Amino acid sequence: MVADTLTALSQRNEAFWIGLGLLFTGALVSSFVQISNPPVGEILGILGVTVLAVRLLVGLYKILRTSVKAGRTGYQESKQNN
């Protein structure tokens, strides 16, 4: 169980750093290359923002899912005690 948790954490951290790297690379490419077709810097920036947004939404989903599961378990345990 601990290995699964550590693997999941490392994968989430990797997604964050990849998204952040793409975002900054896109900004640097846009500042150095003025004319390009297609606009590589903008595409990298959009891809980086997309990765970060998906990472954020997955994190929120996992937090909410865990909260609902804990609330349901607590509710069931309180009903058993009565």
Side-chain angles (χ1 to χ4, degrees):
M1 170 115 177
V2 174
D4 294 336
T5 303
L6 291 176
T7 302
L9 283 174
S10 68
Q11 289 172 348
R12 283 190 269 155
N13 286 336
E14 288 169 0
F16 170 76
W17 288 111
I18 289 170
L20 195 61
L22 285 170
L23 184 64
F24 283 128
T25 303
L28 287 174
V29 169
S30 290
S31 66
F32 289 124
V33 178
Q34 298 299 325
I35 300 172
S36 65
N37 194 13
V40 178
E42 290 179 19
I43 292 171
L44 288 175
I46 291 169
L47 187 61
V49 168
T50 303
V51 169
L52 291 173
V54 168
R55 163 70 177 88
L56 177 70
L57 292 174
V58 167
L60 287 174
Y61 171 75
K62 287 185 177 188
I63 289 171
L64 291 175
R65 185 184 66 185
T66 304
S67 298
V68 167
K69 185 177 178 181
R72 231 180 326 170
T73 303
Y75 179 76
Q76 289 172 354
E77 287 177 0
S78 68
K79 287 296 180 183
Q80 289 175 355
N81 290 338
N82 289 333

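Values below: all heavy atoms of this structure, side chains included; hydrogens, waters and symmetry mates excluded. Please read all numbers here as calculations on a predicted model, not as lab measurements.
Follow the hydrophobic side-chain contacts under 4.5 Å out from Leu52 and you reach Trp17 in the same cluster. Note on Val40 and Leu22: same hydrophobic cluster, where clusters join Ile, Leu, Val, Met, Phe, Trp and Tyr whose side-chain heavy atoms are under 4.5 Å apart, directly or indirectly.
The closest donor-acceptor contact from the side chain of Ser31 to the backbone of Leu28 lies under 3.5 Å.
If you take CD on Glu42 and CG on Leu47, they are separated by 13.5 Å, rounding to the nearest 0.5 Å. Taking OG1 of Thr66 as the start and OH of Tyr61 as the end, the distance is 9.5 Å to the nearest 0.5 Å. Rounding to the nearest 0.5 Å gives a distance of 13.5 Å between CG of Leu44 and CZ of Phe24. Rounding to the nearest 0.5 Å gives a distance of 13.5 Å between CG of Leu23 and CD1 of Ile18.
With respect to Val54, the side-chain contact (heavy atoms from CB on, under 4.5 Å) criterion is satisfied by exactly one of Leu57, Leu56, Val58: Val58.
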